[in-house]
Amino acid sequence: MDNPVQNYFPGRLLCFENQGNGDEACDSQAPMLEVTDAGNGFVEVAFTDRNERCYLAFRTSDLLRAIKEHGNG
């Protein structure tokens, strides 16, 4: 039997306007994030924000390097 929530995990999405005082545009406390192997070393995280499907792709090695360089690792 397939796991219906495989590759999904809860997250938090905050969006702010670029103009004015940077007012909060959305605050979704528990969007379901989907993670997939996008190939060539990239991980892709997808989520739905209101009526839009959003995708974020990055290399795990780049993420770990950036964390270490900024002293958070």
| query | Can you check side-chain contact (heavy atoms from CB on, under 4.5 Å) on L13 and F47, steps first, answer last? | reply | CA-CA 9 Å; L13 174 66; F47 56 92; 3.6 Å; yes

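Taken from CG in N7 to CG in L33, the straight-line distance is 12.0 Å, to the nearest 0.5 Å.
By the criterion of side-chain heavy atoms lying less than 4.5 angstrom apart, applied directly or through intervening Ile, Leu, Val, Met, Phe, Trp or Tyr residues, F58 is grouped together with I67 in one hydrophobic cluster.
Contact annotation: the side chain of F9 approaches that of V35 to within less than 4.5 Å [non-hydrogen atoms, C-beta and beyond]. Residues T36 and E34 have side chains in contact (heavy-atom distance under 4.5 Å, counting atoms from C-beta outward).
Applying the side chain to side chain contact (heavy atoms under 4.5 Å, CB included) criterion to L64, with sequence neighbours excluded, gives T60. Remark: Y55 engages E44, A46, R53 in a side chain to side chain contact (heavy atoms under 4.5 Å, CB included) (not counting sequence neighbours).
Put simply, the side chain of D37 gets close to the backbone of G39: a donor and an acceptor are under 3.5 Å apart.
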